[in-house]
Each structure stands twice: as structure tokens, then as C-alpha cells.
2 protein chains.
Amino acid sequence: MVEKREKSWQAGPLRIRVTLPGDEPAGPKERLTVDRIVDAAMSLMAEKGYDAVSMRSLAKELGTGPASLYAHVASKEEVDQLVLDRIGAELHVPAPDADHWDEQLRQVLRDMLALYRRHPGSARAAIGMIPTGMGALRTMEGMLAICDAGGISPQASAWFCDLAAAYVSAIAVEEAIWVQRDNTTASGDDPDHTALDEQLRALMESLPAAEFPLVTSRAGVMTAGDGDDRFEFGVAVLVAGLAAVSEKYR
Amino acid sequence: MVEKREKSWQAGPLRIRVTLPGDEPAGPKERLTVDRIVDAAMSLMAEKGYDAVSMRSLAKELGTGPASLYAHVASKEEVDQLVLDRIGAELHVPAPDADHWDEQLRQVLRDMLALYRRHPGSARAAIGMIPTGMGALRTMEGMLAICDAGGISPQASAWFCDLAAAYVSAIAVEEAIWVQRDNTTASGDDPDHTALDEQLRALMESLPAAEFPLVTSRAGVMTAGDGDDRFEFGVAVLVAGLAAVSEKYR
DNA sequence: ACCTGAACACCGTTCAAGT
DNA sequence: ACCTGAACACCGTTCAAGT
């Protein structure tokens, strides 16, 4: 009834896999591999969000039962870890330039957020995960090199890698959760979360001015800016703060 | 078969509820209220971790079925929100002191983390949640006042509230996830996650030195310090960074 | 208005049995 | 070695029915 509908081949270092539209249930005779499981997890995540990725939905996508996956991965958590490792390998940190170390560092953080955005749902998998994939380690190496070029102390550089990763993934998770809510609530109408900002602003303005003089009078500035504006502020604070405290952590 | 085994009464502003040991299934005649649901969620979370809190376990704790909860709350998410609102009310921000605004701000962030730690599992509920409870709003008001005393621009102050909340809750979630893992893996032996640090350090040192000169040579400093040391660094970076960039966001 | 039992449509993981 | 069906012990939420 179902023939081989999926094609995959190796072309040098690239693994190419093509699935024609309407081929969702996939060929059941294709051998299960860790790579195929990770592929399926990433495409399912991108298409339907993190919550749609389960051992069962993954198995269905691959034309098998959930128990079969456990011959290749130990747990759902391992699948998440593998997805993150694969994504992490996409980030490339430039060679350090001492004159622009701070801008380079800010750019790495922007690229990290862009990576999560490019793979919707991936941020949710990153919650509480310590990244130990080769990609993440290479990113660390690159960040340390840039910090060195900027004269940042080794201890401050080391802890900054953690701090930056925690901040970026926190922002990415927050965004991922709105996006998911927007997708399930409003039926693809318009993706502005400005409605939510407007609501929050109204809430702040409606507070008793005597008890909340600042929140009420600054409701506008509190809800100002989009995600990028706020992230850019965060990135600026982090890098400026690093420069400022570096000496204290020598 | 089961009599009223739970006692609760009002004593001034305090709500006191005593459940004798062995009374877990609770009296089934006590009327269900939102407050009782939130009480149950908080104690279940503290005792058995966030994952143990479900609409079903909550119902069992309250001596009823899961469907009954929906007469008082709309969803599990609302329960989480209510728990967070209650916890948020515990934080108190001091009146601003212009000479020590930066130390005051750092202390608020420390207190925020302490709050999550005092209610284990609560951090997990905070993921992707925009805090709109009265407690959170009062905390914002207090932080804005301290920033004002420090001469920070309104825009920088406003965005800093967000940034700080995101950072602290990211750290709290990370900690909550170790704790949960430690509790389920090692059977209450010793709660040092230093073993994990040691493992990470070994991994870094085992990397090829040619490709990872900094990660390998600085594995020690990368895994140095406990949670408090690293958090203190983060807090120092954030507040110093705020002071540094404030003028750019006037 | 509040509560209930039963059901719906899901989870992750295990395990004996097959090939 | 790899895969499978069936089961175990769970989820959140809905809804008609009761009081």
C-alpha cells in the first residue's frame, strides 16, 4: 500500500532529505536511525510547535510505534538534547577583533537569538539544559577568545558565557510561548502581540496612582518597544556590565 | 467514613491551615475554594516538585475529582498564575536610598531568587508567565523608585525590570531542574551538584587543545564557584550595565 | 451554583515477544 | 540487533447529570 516515498542521500558532508508534500506518514521500510528521529523532531517542532513533539507523534511521523524509538534514544530528553546539539552547530563565532570586541560579543548574542527564532520551538527544549554539544563548546571557545581580545578577565569571561546563554534562552522561551499562544488563540489572523502590550498598559494605567505613582505615569515607557528593542537593550546592558565588573573578578 | 480532619481559621490577616500528618486525603466535606486549591498546589509543589502538581493530584489532595476544580479555576495555567501571584506578594522592596541605589537593586534581585528557592518548584510555574499580580506590580514600583534615586533614565529603568525578572527566573528554573534531578536520581544522599561540575570540567579538559585552547586551559575557571557566586556575578553585571547604558536610553 | 462520574484524546516508558 | 503490540500509569479538559 505504501511505497518508499522518502528519498535521502549523502552528498559530501551534507545529509539531504527530501519529503514531498503529502508524504507525511513516510515510507515504513526506511530504517530508523537517530538522525531520522532528530530530523522528524525538528520538522514537527517547526511546523506545529514544541508541544506537538511527543514520542508518539514522532513515531507516527516515522511510520512506526513509540516503542521503536527506544532502540535508538534513551528518552524524550535525549531527543531534545540532540535537537539542541544540531542547532547549536549552526552558530559561528567570528575571529576576535580587539577594536570591536564589544560589538562582536553583542552580535554573538543576537545570532544566538536568531538561531532559536529560525527553529521555532527549540527554545522550549533548551529549558534547564546544559549545552554540551560540540557546537556549544565551539561557541564558548569563540566567546572566550573575543573576551580575551577585549581584555576581560578569565573568570568574568567564563561566567559571562553562562550568563549570556541564560539570558538569551530566557528571552527565546518567552517569545516561543507567545508565538504558541498566538497560533492557538487567534487563528493566524495577525501576529501582533501589541494587543497584549496594550492590555498590560491599560492595566498599569488603571492602578491607584497614590500607591503606584511610577507604574501608572510610566505605563507607556514600560510597554514601549518590540522584542528586538528590548533584546538590544539587554545585550547592551550585559556587555557594558561585563566591561565594568571584569576587574573585580580577576 | 471520613470526618472533618482539616482545620482552618482566620487569625487577623493570617490564613492558618493545619493538616495533621496522615490526613493527606483531607476532609471531603470542606468546601472547595480557589484559596484551598492554591494552598494545595503550593504544598504539593514544595513537597514533591512541580511535575507532581497536576489537576488530578491536586484534586486527590483535596479529596475530590479533577472535574470539580474547574468550577473555581479555568485551567492549570490559571493555578500556576495564582501560585505565582501569591508568592510574588511576599517580596518587599525597600524605600529608595540614593546613596545605595545600586546595592538596593542588587538586593532586590537576590531577594527574588531567595523567594523562588523558598518555594521549590515555583520557578517552573513562572516560565513564560508575565507577572501581573499585585505583588509583582508593587515590586516594579519599588524597583522604578530605586532606579529613579540612582538617576537612571525612565526607559532604561522600565526595561531593566523586565531584564532582571527574566534573568532571575532563568537562574531559578535552572536550579529547580537540578534539584528535581538530584531528588529523583540520587536518593537523598548528598545534594552537591559539584559532581556534575566535575564531569563538565573533565569533558572540557578532554577536548583537543588545538581546537579549544581556551576552553581546555580554563576548564577550572569555567566550572568555578557555586550557584551563589555565579548569581552574584550576574547581578553585578546587570546593575553595572544598567548604570553604563542608562544615558543611551534617555 | 457547585460538584460529580465518566469519557475523550492524549502522554512517556517498559517489556515480553517476534524477526 | 532491531522492531513491535500491548500494557502501565499517567495527563488536561469537557459535559451531561446530579444536588
Side-chain angles (χ1 to χ4, degrees), chain A residues 1-2 4 6 25-38 40-41 44-45 47-83 121 124-125 127-129 177 180-181 184-185, chain B residues 1-2 4 6 25-38 40-41 44-45 47-83 121 124-125 127-129 177 180-181 184-185:
Chain A
M1 181 201 175
V2 184
K4 216 177 173 186
E6 200 183 77
K29 290 274 86 80
E30 188 110 32
R31 255 172 139 293
L32 219 46
T33 61
V34 176
D35 262 356
R36 286 190 66 219
I37 293 171
V38 176
L44 206 54
M45 216 162 66
E47 277 169 46
K48 305 201 187 152
Y50 180 78
D51 288 331
V53 182
S54 68
M55 294 305 267
R56 298 173 112 99
S57 63
L58 227 38
K60 190 170 285 179
E61 197 82 354
L62 293 162
T64 183
S68 302
L69 304 178
Y70 288 87
H72 300 91
V73 294
S75 61
K76 168 108 205 296
E77 204 190 322
E78 188 178 322
V79 176
D80 284 348
Q81 184 75 255
L82 290 167
V83 166
R124 292 276 303 277
I127 291 174
M129 217 77 117
I177 286 172
Q180 190 115 330
R181 272 208 257 277
T184 51
T185 307
Chain B
M1 182 199 175
V2 185
K4 217 175 171 189
E6 202 183 76
K29 292 273 85 79
E30 187 109 33
R31 257 173 137 291
L32 218 47
T33 61
V34 175
D35 262 355
R36 286 190 65 218
I37 293 171
V38 176
L44 206 53
M45 215 161 66
E47 277 169 45
K48 304 201 185 149
Y50 180 77
D51 288 332
V53 183
S54 68
M55 294 305 267
R56 297 174 111 100
S57 64
L58 227 39
K60 191 170 285 176
E61 196 82 354
L62 293 162
T64 183
S68 302
L69 304 178
Y70 289 87
H72 300 91
V73 294
S75 62
K76 169 108 203 298
E77 206 189 321
E78 188 178 323
V79 176
D80 284 348
Q81 185 74 255
L82 290 166
V83 166
R124 293 275 304 278
I127 291 175
M129 218 77 118
I177 287 173
Q180 189 115 332
R181 272 209 257 279
T184 51
T185 308

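In what follows, every chain begins at residue 1, and chains take the letters A, B, ... in the order their sequences are listed. Model, not experiment: these values are computed from the prediction.
- Distance alone, capped at 3.5 Å, places no donor-acceptor pair between the B/Gln81 side chain and the B/Glu77 backbone.
- We find that OH of A/Tyr70 is positioned 18 Å from P of D/dA7, with the value rounded to whole Å.
- One interatomic measurement links the two molecules: CZ of A/Arg56 to P of D/dC8, which rounds to 13 Å at whole-angstrom precision.
- Looking at every heavy atom in both residues, B/Leu32 comes nearest to B/His72 through O-NE2, 3.0 Å.
- For A/Leu58 and C/dC10, the CG to P distance is 16 Å, given to the nearest whole Å.
- Using C1' as the reference atom, D/dC11 and C/dC8 are 12 Å apart when rounded to the nearest Å.
- When the C1' atom of D/dC3 is taken as reference, atom CG of A/Leu62 falls 13 Å away, rounded to whole Å.
- Under 4.0 angstrom from either OP1 or OP2 of C/dA1 there lies no side-chain N or O belonging to B/His72.
- Annotation: side chain of B/Val73 is not in contact with side chain of B/Val38 (no heavy-atom distance under 4.5 Å).
- Heavy atoms only, all atoms of each residue included: A/Lys76 and A/Met55 are closest at CA-SD, 3.9 Å.
- A straight line from CZ of B/Arg31 to P of C/dT4 spans 11 Å, rounded to a whole angstrom.
- Within the structure, every side-chain polar atom (N or O) of B/Ser75 is placed at least 4.0 Å from both OP1 and OP2 of D/dG12.
- A donor-acceptor pair is defined here as one N or O able to donate and one able to accept, closer than 3.5 Å; such a pair exists between the side chain of A/Ser57 and the backbone of A/Ala52.
- A/Ser68 comes within 4.0 angstrom of a base, heavy atoms only.
- Going from the P atom of D/dA9 to that of C/dC10 covers 22 Å, rounded to whole Å.
- Rounded to whole angstrom, the span from the CG atom of B/Asp51 across to the C1' atom of D/dC10 amounts to 12 Å.
- Regarding contacts with the backbone of D/dC3, every side-chain N or O of A/Thr64 stays at 4.0 angstrom or more from both OP1 and OP2.
- Closest-nucleotide positions on DNA chain D for A/Ala67 and B/Ala67 were compared, and the one nearer the 5' end corresponds to A/Ala67.
- The residue among B/Leu32 and B/Pro66 whose nearest nucleotide of DNA chain C lies closer to the 5′ end is B/Leu32.
- The two residues B/Leu44 and B/Glu61 have their closest heavy-atom pair at CD1-OE1, 3.8 Å.
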_In dot-bracket form, 5' to 3', how is DNA chain C paired? Count Watson-Crick and G-U wobble pairs only if both distances fall under 3.5 Å, and write | where the partner sits on another strand._
||.|||||...|||||.||

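- The nearest whole Å value for the distance from the CZ atom in A/Arg36 to the P atom in D/dC2 is 15 Å.
- Rounded to whole angstrom, the span from the CE atom of B/Met55 across to the P atom of C/dC3 amounts to 13 Å.
- Distance from the side chain of A/Ala71 is smallest to D/dC2 among C/dC2, C/dC11, D/dC2.
- For A/Asp80 and A/Arg124, the salt-bridge test fails: no basic side-chain N is under 4.0 Å from an acidic carboxylate O.
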